[in-house]
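Written below as C-alpha cells is the structure these notes are about.
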Number of protein chains: 2
Amino acid sequence: MSAALQPVDPANDTQTRQRILLAAERLFARLGYGATSLRAIMAEANVNTASVHYYFGGKAALLRAIFDMRVGATNAEREQLLDECERAAGKRAPQLRGLLEAFFGPAIRMSRSAEGQDFNQITALCSVDPDPELRKIVHDAYDQLARRFITLLRRACPQLDESTLYWRLHCMYGSMMYVRTQNGRVDYLLGDASGGLTAEEILDELVAFVEAGFLAPAKARPRKKSR
Amino acid sequence: MSAALQPVDPANDTQTRQRILLAAERLFARLGYGATSLRAIMAEANVNTASVHYYFGGKAALLRAIFDMRVGATNAEREQLLDECERAAGKRAPQLRGLLEAFFGPAIRMSRSAEGQDFNQITALCSVDPDPELRKIVHDAYDQLARRFITLLRRACPQLDESTLYWRLHCMYGSMMYVRTQNGRVDYLLGDASGGLTAEEILDELVAFVEAGFLAPAKARPRKKSR
DNA sequence: GTCTATATGTGGATAGAC
DNA sequence: GTCTATCCACATATAGAC
C-alpha cells in the first residue's frame, strides 16, 4: 500500500523498483506468471539477481505490487460511474445499460491503452489460472466493487431468479474477458476482422451483446426447494 | 492417430499407457499443463520415471495424445448436429438457435459428465494459455469444425457485418468457456447459486443468452474502407 | 543499496543394466 | 519393455563482500 498505490510516473522509471515493476508487468502479460522467471525479469529490467527479493520479497509479492500499482484507477472510475447510475435513477431501479457501461468501460479503455494493456492481460490470465494464490489476488483486487455492481444489477433485472442470474453472470464475465484480451481464437478463424474500432466502439459492441443476453426471457423452470 | 483416437475403455486402464493418459488428464485439469510435472504424473500413475518418454516422447506429446483420445467424440457429435440443422433448413438459412445448440451442446454435456470434465478443463485452460504450442493443439483439434459453424452462422445472421460478427464471436466463445468451466469468480460473488441444473438446462441458459446477443440490433457505423 | 557467488530444489530427458 | 541412476538446465532464494 501507500506509494505503491500511485499510478506509475514514467519520469521515475530510472529507479530500480519501478524498472522491476514495469519489466515484470511486460513479461507476465506476454508469458504468464508461471512461465516467467525472475531471472528473465531481472535481465529485462537490467538489475542484479537479488533486487527482486530486496524490494519485494519474492515473485508472488511482486505480482501483488503490480496489482497495487494498477487497480486503483480502474476501480475508482467504476465506482464513480456507478455513483452516477444511482444518482440518475433516483429511487427507481438503475438502468441496465448504464451499469454495464460503468462496469465494462474502464476495463475496455484500459485494454486499449498503451499503459494499461499489459496489466489488462495479467488480470485476465490470473483470473483463470488454477493456482489459488493468483485467483486470490484477483479476488482481493476486484470483488468488493463487483459485489456492488451485482447488487445494482439485481435491482435492474428483478425478473431474473438466482440461478439464471448465476449463469448469465458467467456469460457476462466470459464475454468481457474474451473481448478485453481479444483472445486469438477468433483471429485464427476469421482473420483480424476487428475493424479497427475505438475503445468506445468496442464497448458498444460488448454492451449490446451482454445487455441483450440479460434481457432475454428467463426460462420457467419447476422451482427446486432451497435447503 | 489410430488406437489413440478410440475413447478410453476403463477395462484397459491396467495398461501402462492408459494409466499415464488418465493420470495426466486428471493432473493437467487440476493444476494446468505448465504447473504439472511429469514426475507427479508418473507417481499418480504408478509407473517409473522413464515411461512417459518411452510411450509418448515427452510432455507436449503426452498432451497431444490426450487430445487425440478425446476430441473425436465431441467433434463427431457437433458435425452430426450441424448436419441436422442444414437438413432441416433445406435451401433456407439455418436457424440460429439450432446452430448454437449444435455447437454448445456436446461441449456442455462433456463438461458435466464424469468422464469428460477433466478434458473439458484442459481444453479451456489450453485455449487461453499464452504458450503458442498449447494454443496450436487447441487450434488443430477444434478449428476445422469451428469454421463450418461460422459459415452457417453467417447465413443465419446475414445482418451482421464482419466487424460486429468478430466481436460477437468473442462474446460467444467467452460465454461458452466460462459456463463450461464454471469459473470460480461468480461463486466467490454469489456463493454457489448454480441451482443444480442438468446439462440440458445449463445449455438452455447459455443458448438463450448468446442467441439474444447475436440477435441484438447491430450498431450502424460509418464504414471504414477495407484495403 | 548493490552485486557476486552460491545454496538448494525441481524440472525434463536419457543411458544403460536387467 | 521396465526400471534405476543420473545428467543438465534452470528455478527461487539467500549469504556475505563491497
Side-chain angles (χ1 to χ4, degrees), chain A residues 2-4 12-67 122 125-126 129-134 136-137, chain B residues 2-4 12-67 122 125-126 129-134 136-137:
Chain A
S2 75
N12 275 3
D13 83 357
T14 49
Q15 288 171 12
T16 305
R17 195 191 140 91
Q18 281 295 335
R19 287 222 314 285
I20 294 172
L21 280 170
L22 294 176
E25 188 175 53
R26 227 171 359 248
L27 292 176
F28 286 159
R30 272 155 192 62
L31 309 173
Y33 174 81
T36 304
S37 69
L38 291 183
R39 295 167 126 85
I41 293 168
M42 297 185 277
E44 173 100 353
N46 255 302
V47 299
N48 69 74
T49 44
S51 313
V52 167
H53 292 92
Y54 178 78
Y55 282 102
F56 300 96
K59 192 176 175 182
L62 173 56
L63 181 64
R64 273 198 186 270
I66 293 174
F67 270 82
I122 293 174
L125 290 177
C126 292
D129 197 288
D131 180 348
E133 183 167 24
L134 302 195
K136 180 146 190 346
I137 291 176
Chain B
S2 75
N12 275 3
D13 84 357
T14 49
Q15 287 168 14
T16 305
R17 195 192 141 92
Q18 281 296 333
R19 287 223 313 285
I20 294 172
L21 280 170
L22 294 175
E25 188 176 52
R26 228 172 359 248
L27 291 176
F28 285 157
R30 273 154 192 62
L31 309 172
Y33 174 81
T36 303
S37 70
L38 289 182
R39 295 170 129 85
I41 292 169
M42 296 184 278
E44 173 101 353
N46 257 301
V47 298
N48 70 74
T49 46
S51 314
V52 168
H53 292 91
Y54 178 77
Y55 282 102
F56 301 96
K59 191 178 176 182
L62 172 56
L63 181 64
R64 273 199 184 269
I66 293 173
F67 270 82
I122 292 174
L125 290 176
C126 292
D129 196 289
D131 179 348
E133 183 167 23
L134 302 195
K136 179 142 191 349
I137 291 176

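For the numbers below, each heavy atom of this structure counts, side chains included, while hydrogens, waters and symmetry mates do not. Proteins get letters first, then strands, A, B, ... in listed order; numbering begins at 1 in each.
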For this session: Examine D:dA13: is either OP1 or OP2 under 4.0 Å from a nitrogen or oxygen in the side chain of A:His53? Give yes or no.
Result: yes
Problem set entry | pair A:Lys59-A:Phe28: side-chain heavy atoms closer than 4.5 Å | yes
Exercise. Are B:Ser51 and B:Ile20 side-chain neighbours, meaning at least one heavy-atom pair lies under 4.5 Å?
Worked result: yes
Problem set entry | Distance below 4.0 Å between A:Ser37 side-chain N/O and D:dC10 OP1 or OP2 | no
Exercise. Just to confirm, is there a sub-4.0 Å distance from OP1 or OP2 of C:dT2 to any side-chain nitrogen or oxygen of A:Tyr55?
Worked result: yes
For this session: In whole angstrom, give the distance that lies between atom CD of B:Glu133 and atom P of C:dG12.
Result: 13 Å
Exercise. C:dT4 P sits how many Å from A:Met42 CE, rounded?
Worked result: 12 Å
For this session: Rounded to the nearest angstrom, tell me the gap between atom CZ in B:Phe56 and atom P in C:dA13.
Result: 13 Å
Exercise. What integer distance in Å separates B:Arg39:CZ from D:dT6:C1'?
Worked result: 10 Å
Seminar exercise, completed: B:Asn48 atom CG is separated from C:dA17 atom C1', nearest whole Å, by 13 Å
Exercise. Between A:Met42 and A:Ala50, which heavy-atom pair has the shortest distance, and what is it?
Worked result: SD-N, 4.3 Å
Problem set entry | Integer-rounded Å distance: C:dG1 C1' and A:Ile20 CD1 | 12 Å
For this session: Assign B:Ser51 to base, sugar-phosphate, or nothing according to its heavy-atom contacts below 4.0 angstrom with the strands shown.
Result: nothing
Exercise. Tell me, do B:Leu134 and B:Leu125 make a side-chain contact under 4.5 Å, heavy atoms counted?
Worked result: no
Problem set entry | Length of the line joining B:Tyr54:OH and D:dT4:P, which is rounded to integer Å | 17 Å
Problem set entry | Distance, rounded to the nearest Å, where A:Leu38 contributes CG and D:dA13 contributes P | 6 Å
